[in-house]
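Report on one structure; see the data block that follows.
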Amino acid sequence: MEYLKPRIGVLAIQGDYAAHAEALKEAGADPVEVRKPDQLDGLDGLILPGGESTTVLRFLEKLNFFEILADFCAQKPVFGTCAGAILLARKVKHPPQRSLGLLDAVVERNAYGRQIDSSILTAETALPGGPLEMVFIRAPRLAETANSVEVLARREGFPVLVRQGKILAATFHPELSQDRRVHELFVRIVNEARGV
Ligand code: GLN
């Protein structure tokens, strides 16, 4: 059978969704910008980009999109970066806010303080191919993760890239680096889920 590229949505309410769409193309997927619930129809997976999680939440609630998004993300692969990872977490602190509750982790918003709130780190990860550049922007911290959450990279001992089955989450912004290994991993997770 002919291989069809996976169609992966990027929640395009706020934040750096265009960079994710570009990264998905480079990683071998067809990106689809998602602004309304019916645009999730037929998608193979979804990226929840970084931005300001409070703003994204407000939009989701205004559009009656929260529950539909939660349903989609419970069934299909989802990748949350930064604010997107906050939205995926089981529990959000500092301050507390509503979340989709799919990633079994406790996340603290803006956890790195003013001085190092935005920084670039290059470190080894579980991904093959050597050190990975990681761009942090007012990043959250995964303060607790369940045993079912596989840690693929850490910063100062705390997980910054994790996978729990078909959920992938990063507290940094892989779409802002040239390296496409994290998006390629997500495309593989999507392909596995659709049996390709
Ligand atoms: N500080 C933002 C929040 O708490 C996340 C920052 C980001 O996505 N780059 O929602």
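Bear in mind the structure is a predicted one, so any value in this text is a computation, not a measurement. Whatever order the structure lists ligands and atoms in, that order sets their numbers, starting from 1.
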Exercise. Is the closest heavy atom of Pro140 to ligand 1 under 4.0 Å?
Worked result: no
Exercise. Would you say ligand 1 has an N or O under 3.5 Å from any N or O of Ile137?
Worked result: yes
Exercise. Any idea which protein heavy atom is nearest atom 1 (N) of ligand 1, and the distance to it?
Worked result: Asn110 OD1, 2.6 Å
Problem set entry | Heavy-atom closest contact (Ala85 atom, Ala169 atom, distance) | CB-CB, 4.1 Å
For this session: For the pair Phe79 and Phe186, name the ring-plane relationship: parallel under 30°, tilted 30 to 60°, perpendicular over 60°.
Result: tilted
For this session: List the closest protein heavy-atom neighbour of atom 7 (C) of ligand 1: residue, atom name, distance to the nearest 0.1 Å.
Result: Cys82 SG, 2.8 Å
Seminar exercise, completed: Nearest heavy-atom approach of Thr171 to Pro159 is CG2-O, 4.3 Å
Problem set entry | Verdict with reasoning, Lys91 to Glu144, per salt bridge (Lys or Arg N to Asp or Glu O under 4.0 Å) | CA-CA 10 Å; Lys91 184 170 178 184; Glu144 291 168 39; over 6 Å; no
For this session: Output the list of atoms in ligand 1 that are nearer than 4.0 Å to some heavy atom of Ile86, sorted by atom number.
Result: 3 (C), 4 (O), 10 (O)
Exercise. So, Glu22 and Arg180, do they make that salt bridge, N to O below 4.0 Å?
Worked result: no
Problem set entry | Atom of Pro49, atom of Tyr17 and distance for their closest heavy-atom approach | CG-CB, 4.0 Å
For this session: Number the atoms of ligand 1 from 1 as they appear, then name those within less than 4.0 Å of a heavy atom of Gly50, with their elements.
Result: 8 (O)
Exercise. To which protein heavy atom is atom 4 (O) of ligand 1 closest, and what is the distance rounded to 0.1 Å?
Worked result: Arg109 NE, 2.7 Å
Seminar exercise, completed: Numbered in order shown, the ligand 1 atoms found under 4.0 Å of a heavy atom of Ser53 are 3 (C), 4 (O), 10 (O)
Exercise. Please state which protein non-hydrogen atom is closest to atom 5 (C) of ligand 1 and give its distance, to 0.1 Å?
Worked result: Gly51 O, 3.3 Å
Problem set entry | Under-4.0 Å heavy-atom contact with ligand 1, by part of Thr81 that carries it | neither
Exercise. Salt-bridged, Lys25 to Glu175, with N to O below 4.0 Å?
Worked result: no
